[in-house]
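Presented below is the structure to which this report refers.
Side chains included, hydrogens not; waters and symmetry mates left out as well; all remaining heavy atoms used. Residues take their numbers from the sequence shown, with the count starting at 1.
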Amino acid sequence: AGTTAGFETAMAPGDAVIHLDHGLGVLRGVETVTAADVATDCLQLAYAGDTGLLVPAAEMDRVWRYGADADGVALDRLKGEAWPKRRAEIERDMDETAGRLLALMRARQSASAPAMHPDRGAYARLVARFPFVPTADQDEAIAAVETDLASGHPMDRLVCGDVGFGKTEIAIRAAGVAALGGWQVAIVAPTTLLARQHLETFRRRFTGLGVEVAGLSRLTPPADARAVRAGLADGSIGIVIGTQALTGKEVRFRKLGLLVVDEEQRFGVRQKNALRKLGQGVHVLTLTATPIPRTLQTALAGLQDLSVLGTAPARRQPIRTARTPLSSALLAQALRRERRRGGQSFVVCPRVEDLAPMREHLRAAAPELRMVEAHGGLKADELDEAMMRFAYGSVDVLLATNIIEAGLDLPRANTMLIWHPDRFGLAQLHQLRGRVGRGRARGFVYLLTDPDTKLAPAALKRLDAFENASRLGSGFAISARDLDLRGAGDLLGEDQAGHVKLLGLTLYRHLLSRALKAATDETAVEDWSPEIKLEVNAYLPGEYVEDDALRVEIYDRLARVLRLGEQAALDEVRDELEDRFGAPPPQVENLLAVTAIRLRCRRLGIAKLDAGPAGVAINLRPGKQLTPTAEFERKGERWIFARASSDERNRLQTVEEALASLR
């Protein structure tokens with residue numbers, strides 16, 4: 001299903017966080033605490049009633065990020081009854097949800113669907129027509145789709161790739177496997193313009209391969225529409241590309257085997273229900289640049305298989321994004337610059353009523369530029385004509401609403417100006433940005449704010465997130481951020497409060513994963529941490545990592561290492577620290593060594609470990625048994641490894657040798 005660990009948002013001061021034992025609080029920062037000449041870093045957590053908690057950074061794996069904005073969040077009271085009660089209720093609900101999810105997964109695994117095997121020669125010719133070298137992510141997604149289609153079980157795969165990262169090629173390969181194996185394919189796009197573009201692309205790729213490719217939308221003339229429906233019914237049309245018109249009652253397929261849904265976030269609830277009916281008993285492939293939170297949540301939970309295209313094609317460059325107040329000088333400079341380099345520009349407004357004032361701004365700033373408008377108030381043929389004029393290069397500027405956000409491929413359009421960006425959602429902004437920079441030229445996006453209006457804090461946070469995610473491949477990160485900011489609904493219901501809203505994304509996923517493992521009789525990872533006392537200075541000195549936010553980020557990374565339980569992940573953190581900050585000082589070496597010891601204790605089931613100048617003492621978790629060497633002596637519930645240590649490094653080495661001798 002693909003990994004998602006790399007898409008978690010790093011913890012930072014000011015975030016709302018959840019401590020597994022104490023509930024919802026606010027992370028204020030890091031404080032270095034010294035006791036008995038031993039220094040350690042502690043997280044400063046604030047709770048209701050102006051109370052606070054210092055959590056040793058070594059125990060940070062018990063602290064989970066809730067969300068970026070702590071404003072308006074109802075904090076728990078330390079040692080109160082509300083959090084333990086709420087956690088117990090949520091975990092019971094999680095167990096029930098896991099059971100239902102497991103039933104759905106097993107039903108899907110036991111269901112049957114056509115096992116598709118294309119004519120290999122024809123399929124090889126289709127593949128050879130792809131003019132680029134696939135990225136490693138594309139190769140992996142293509143292989144997964146081909147395996148799904150040949151499995152005999154219904155595919156339900158979500159391909160999440162940033163705009164221009166090659167999702168269409170995945171759809172073409174999937175359609176090739178199905179159509180060249182004798183099955184019909186339906187490809188549904190949210191707009192007639194996108195459907196038309198796909199139609200041209202698919203016809204070009206399938207020319208001469210014996211597969212008829214047709215289109216069906218509200219712009220299809222009645223006589224042609226009747227012919228297409230007849231061809232679908234008798235099986236003579238192998239691939240049909242259209243809008244939601246394909247879900248109409250009068251549309252009948254003779255041998256439908258694959259449904260491809262492009263830009264799924266653009267469809268409404270009623271349209272999605274119709275698509276589900278169309279996809280019953282067949283393979284389903286969903287393509288999106290920014291999956292809506294509910295869809296992302298479903299994929300993360302395992303109900304859908306997930307392929308992420310995170311590698312930029314070699315020809316793509318990151319899009320420069322800048323926020324700036326609207327001015328006539330900026331309009332003229334940006335639009336004329338694009339015209340001089342032989343390109344075209346978009347100017348996007350949030351509402352139809354914003355177009356007329358912006359039109360006057362543009363005419364005053366750059367009267368020589370040719371302009372056309374596109375918005376939902378136009379008739380279908382008028383809108384189509386405006387978009388085609390722009391696509392064929394007969395105008396310089398397209399003034400439009402966000403109707404242009406669906407995945408059109410216009411490689412000459414490489415500058416976009418967005419008026420009132422605060423009135424768009426994160427996913428909308430990302431889709432809009434994806435319209436530029438699709439060719440070899442670098443794309444530019446200007447976020448034009450009203451110089452006379454102060455933006456709300458929430459809007460500023462959203463725009464900051466958008467600007468910070470300007471790197472190539474940030475679509476998935478934006479989706480996770482959107483989920484983080486908005487929350488998501490109950491996985492199996494429509495309640496928009498949901499467990500994600502109560503727990504935050506990362507802890508929700510952790511608890512759901514644990515409940516799923518328990519439901520499948522696997523050994524579930526319990527939420528426990530070994531209690532370790534080593535009397536060594538193990539922390540991040542301020543002179544090594546000066547920024548408080550960076551110190552929190554590094555401790556967050558170490559907490560993830562403990563949750564993963566992998567030494568390799570700890571080695572990656574060590575390499576990154578050395579690369580970013582230089583050779584680690586003794587305190588940091590100790591911190592890494594202590595983290596490695598905690599990993600060993602988790603694996604061995606050691607509940608408590610104490611180490612001092614005289615030796616090492618351990619307590620095992622209930623029911624855990626180990627076979628120690630003769631150097632260990634049992635005293636009641638404790639095992640004693642009596643070996644003196646003279647300094648910190650010697651003590652850590654003694655602990656490591658003691659743990660290595662346990663089996």
Side-chain angles (χ1 to χ4, degrees), residues 193 317-378 382-383 385-406 408 410-425 428-455 459-460 462-464 466-467 470:
L193 296 170
Q317 301 182 65
I319 299 166
R320 290 179 180 167
T321 306
R323 186 163 76 236
T324 182
L326 172 66
S327 70
S328 296
L330 176 68
L331 290 177
Q333 179 186 4
L335 297 176
R336 285 171 175 160
R337 178 184 180 279
E338 187 58 56
R339 168 77 180 275
R340 284 196 301 272
R341 64 173 183 166
Q344 298 169 287
S345 301
F346 296 101
V347 179
V348 184
C349 298
R351 303 173 304 175
V352 174
E353 49 264 43
D354 296 320
L355 295 177
M358 182 57 71
R359 184 194 313 130
E360 299 308 313
H361 264 299
L362 295 173
R363 284 176 175 166
E368 75 280 8
L369 298 183
R370 299 164 297 172
M371 183 168 48
V372 69
E373 295 183 25
H375 55 83
L378 296 176
E382 294 173 337
L383 177 61
E385 181 185 355
M387 292 299 299
M388 288 304 107
R389 286 182 63 195
F390 188 70
Y392 294 134
S394 60
V395 295
D396 303 305
V397 178
L398 177 63
L399 174 60
T401 59
N402 68 328
I403 196 170
I404 64 160
E405 78 177 66
L408 297 175
L410 303 169
R412 291 184 63 242
N414 289 303
T415 291
M416 176 176 288
L417 299 97
I418 304 175
W419 174 231
H420 282 311
D422 52 298
R423 296 178 182 174
F424 295 93
Q428 286 181 310
L429 288 171
H430 184 69
Q431 288 292 103
L432 288 169
R433 182 163 57 190
R435 298 310 105 227
V436 300
R438 297 174 73 94
R440 294 187 178 275
R442 180 183 289 277
F444 292 87
V445 172
Y446 298 88
L447 306 176
L448 305 178
T449 58
D450 188 340
D452 300 322
T453 303
K454 185 178 180 180
L455 295 178
L460 285 172
R462 192 165 65 250
L463 294 182
D464 286 342
F466 178 65
E467 287 186 84
S470 61

Within this structure, what is the CD-NE2 distance for the pair Glu353 and His375, rounded to the nearest 0.5 Å? 11.0 Å
Between Ala386 and Glu373, which heavy-atom pair has the shortest distance, and what is it? CB-O, 3.4 Å
Across all chains, not counting sequence neighbours, the ring pair (Phe, Tyr, Trp, His ring centres under 6.0 Å) partners of Phe346 are Phe390
Non-hydrogen atoms of Leu398 and Ala374 that approach each other most closely: CD1-CB, 3.9 Å
Show the nearest heavy-atom pair for residues Ile319 and Val436, with the distance to one decimal. CD1-O, 3.3 Å
In Å and rounded to the nearest 0.5 Å, what is the CD1 to CG distance from Ile418 to Leu326? 13.5 Å
Might you confirm whether atom CD of Glu385 has over 12 heavy atoms from other residues, nucleotides or ligands at distances under 6.0 Å? no
What distance separates His361 NE2 from Ser328 OG, expressed to the nearest 0.5 Å? 6.0 Å
Working to the nearest 0.5 Å, report the span between CG of Asn414 and CZ of Arg435. 12.0 Å
Checking the side chain of Thr401 only, and the main-chain atoms of Val352 only, is there a donor and an acceptor separated by less than 3.5 Å? no
For Phe424 and Pro350, work out which heavy atoms get closest and say how close. CZ-CA, 3.4 Å
Measure the shortest side-chain to side-chain distance between Leu331 and Leu417 over non-hydrogen atoms and say whether it is less than 4.5 angstrom. yes
Could you verify whether a donor N or O on one side chain and an acceptor N or O on the other, from Thr321 and Arg433, lie under 3.5 Å apart? yes
